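Structure in structure tokens, see below.
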Amino acid sequence: MSFPLLTAVAAVPAVGAIATAALPAAKRTAAKWLALLFSLLTFALALVVAFRFDPGAKGPFQLTESHAWISDFGVRYELGVDGIAVALIALTTLLIPFIILAGWHDADPLEEATPNRRWRPTQGFFALILAVEAMVVLSFEATDVFLFYIFFEAMLIPMYFLIGGFGDRAGGDGEDQAASRRSYAAVKFLLYNLAGGLIMLAAVIGLYAVTADQLGTGTFSLQQIVEARAAGKLDIGTGTERLLFLGFFFAFAVKAPLWPLHTWLPGAMGESTAPVAVLITAVVDKVGTFAMLRFCLQLFPEASSWATPAILVLALISVLYGALLAVAQRDIKRLIAYASISHFGFIILGIFAMTSQGQSGATLYMVNHGISTAALMLVAGFLISRRGSRLIADYGGVQKVAPVLAGTFLIGGLATLSLPGLAPFVSEFLVLVGTFSRYPVIGIIATLGIVLAALYVLVLYQRTMTGPVKTEVRSMPDLRVRELLVVAPLVALLLFLGVYPKPLTDLVNPAVGHTLSVVDKKDPKPTVQVDAGPGGGRAGQAEHDQDREAAK
């Protein structure tokens, strides 16, 4: 048997979570270093996966693993990766060490423990982060629908405790009030995602019933279902397929999050520590958009085409709504949360534009948004921890006392608004081009999101970093060595992928081509206005039509 590499990538952080949680309470520093060690080892294994993956190889999945699990119900332990999954696994395993470093002191016990101020279990904090990493990685690897569903839902448990038990210390309210806000945000996060998961579970059971009826034996295998449909052995009725699609899509739209199912995100990010906020929006939420590509489009191609107009409208609303609310925010972290809602709108727009440029751009956007949001949110977290407030109005003149912090904050903000030369620009450009080529009106309106992004990012920077130095920030220290180790690699990646995105595009394009072939979509041919010349308009147009027919 070959080495189960995909299992190892998920097993290492799972083992790390158990080992970290098992350390005695006094071994807080050892817990931090152990969690960091396991996260780096996981990233090293993810790099091995990336190097062993061959984008030019035939077949949708590589490095596959398949073992019987619950045979009576057709459930198998099936793993496999395409280029999209490889890119997102690399993103996840890259960000986790930075999240751990950035949250190095976030779970330290409070200096004065009183009945109203709880001690924070350091071991539990880092163990939960590693547990989320393991479940997210398995979600990207799973090619059995039921296996995917288990980890899609299981990741909610550690995330609930990270939001509700390890919230932001800034704000100025008493511990009881802060704990109440955290609990509310955690419960809202859990209820929204559980509701989506329960609806998806009904659709998963329905899919099994359809395959059992037509294939003689039920199956949850994505590849087997896709191949059976292509061979004409499986014919899901139009009405049934659309209902199943809606069950899957609802769960993924909650996770993404797509308007109007987004309302859990600002509270969850606002009440979390900055590293946990990055874990939510840069890692966990990507499972929703990834699943739209892997499961919605490939399992239900007809229903995906049927629902596309409505989904594009919802995505467009997300782009504009999220950007407008970001402009109006007074809280730094909630501003970044609403900006992420706008960015997820762009990602979903690219997915359902059903063009190669749109879906390639959406996949790149998942990666680039993860890097840019991590850079901006983590620097914002360093800023907030120094001042003890999330309110924009409490800052001013920071660039004069902490120029490195202000400079990295600016780069993260410019990446968020997709400045040319930084990584998100390439992905946003591809999404808009891919959308415009098939849906020009939606593509044009979506560009307003770029204008609004420039507004909320530059106003945020102006109000916090420029102007007179406020008394409360005069003694603010600049970034420390540990914080520079977090931010510098992210900034370097934003610059590198901004000028040379080819490694990512080469990785994801074959997977995008496979997805479009399953949905039976081709890129629309460009329409060219032909100058008929002196021969007359109709003659020139007729000649052009003949040329197009000959080209076909």
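From a predicted model like this one, the values you see are computed outputs, not experimental measurements. Numbering starts at 1 and runs along the sequence shown.
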- Task: Establish, from distance only, whether the side-chain atoms of Y439 and T308 form a donor-acceptor pair under 3.5 Å.
- Result: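 Note: Y439 and T308 side chains miss the donor-acceptor criterion.
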
- Query: So F496 and Y500, would you call those rings parallel, tilted or perpendicular, with 30° and 60° as cut-offs?
  - Reply: perpendicular

- In terms of ring plane angle, is the pair F252 and F248 parallel, tilted or perpendicular, where the classes change at 30° and 60°? perpendicular

- Query: Around atom CZ of F61, are there more than 12 heavy atoms of other residues, nucleotides or ligands at under 6.0 Å?
  - Reply: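 Correct, the count exceeds 12.
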
- Output, in order, the C-alpha distance, side-chain angles, deciding distance and verdict of ring pair (Phe, Tyr, Trp, His ring centres under 6.0 Å) for F148 and F220. CA-CA 10 Å; F148 167 83; F220 294 104; over 10 Å; no

- Item | I332 vs L335 side-chain heavy atoms within contact, under 4.5 Å |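 SC-SC contact between I332 and L335 ruled out.
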
- Item | T143 vs T64 side-chain heavy atoms within contact, under 4.5 Å |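 No, every pair of side-chain atoms sits at 4.5 Å or beyond.
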
- Does H514 reach the main-chain N or O of P510 with its side chain, forming a donor-acceptor pair under 3.5 Å? no

- Message: So L494 and L414, do their side chains get closer than 4.5 Å, heavy atoms only?
- Response: no

- Message: Before we go on, tell me: are the rings of Y321 and H262 under 6.0 Å apart, centre to centre?
- Response: yes

- Should R294 and I84 count as side-chain neighbours, where that means a heavy-atom distance under 4.5 Å?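 No, their side chains stay 4.5 Å or more apart.
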
- Considering all heavy atoms, the nearest A282-L91 contact: O-CD2, 3.8 Å

- Full working for side-chain contact (heavy atoms from CB on, under 4.5 Å) between E78 and Q223: CA-CA 10 Å; E78 283 191 353; Q223 192 165 356; 5.8 Å; no

- Message: For Y192 and T263, which I'm curious about, is there any donor-acceptor pair between the side chains at under 3.5 Å?
- Response: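 There is such a pair (donor and acceptor under 3.5 Å, judged by atom type) between the side chains of Y192 and T263.
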
- Item | Salt bridge R229-E241, side-chain N to carboxylate O under 4.0 Å | yes

- Message: A quick test of your reading: do over 12 heavy atoms of other residues, nucleotides or ligands sit less than 6.0 Å from CZ of F43?
- Response: yes

- Item | L376/V457 under side-chain contact (heavy atoms from CB on, under 4.5 Å): CA gap, chis, key distance, verdict | CA-CA 10 Å; L376 181 61; V457 167; 5.7 Å; no

- Evaluate the side-chain proximity of L497 to I371: yes if any heavy-atom separation is below 4.5 Å, no if none is. yes

- Can you check whether P55 reaches D506 side chain to side chain, under 4.5 Å on heavy atoms? no

- Tell me, with the steps shown, if K286 and F344 meet side-chain contact (heavy atoms from CB on, under 4.5 Å). CA-CA 9 Å; K286 297 300 187 300; F344 276 102; 3.9 Å; yes

- Considering all heavy atoms, the nearest M135-F151 contact: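 Minimum heavy-atom separation between M135 and F151: O-CB, 3.8 Å.
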
- Determine, stepwise, if the pair L222 / D144 fulfils side-chain contact (heavy atoms from CB on, under 4.5 Å). CA-CA 6 Å; L222 171 65; D144 182 277; over 6 Å; no

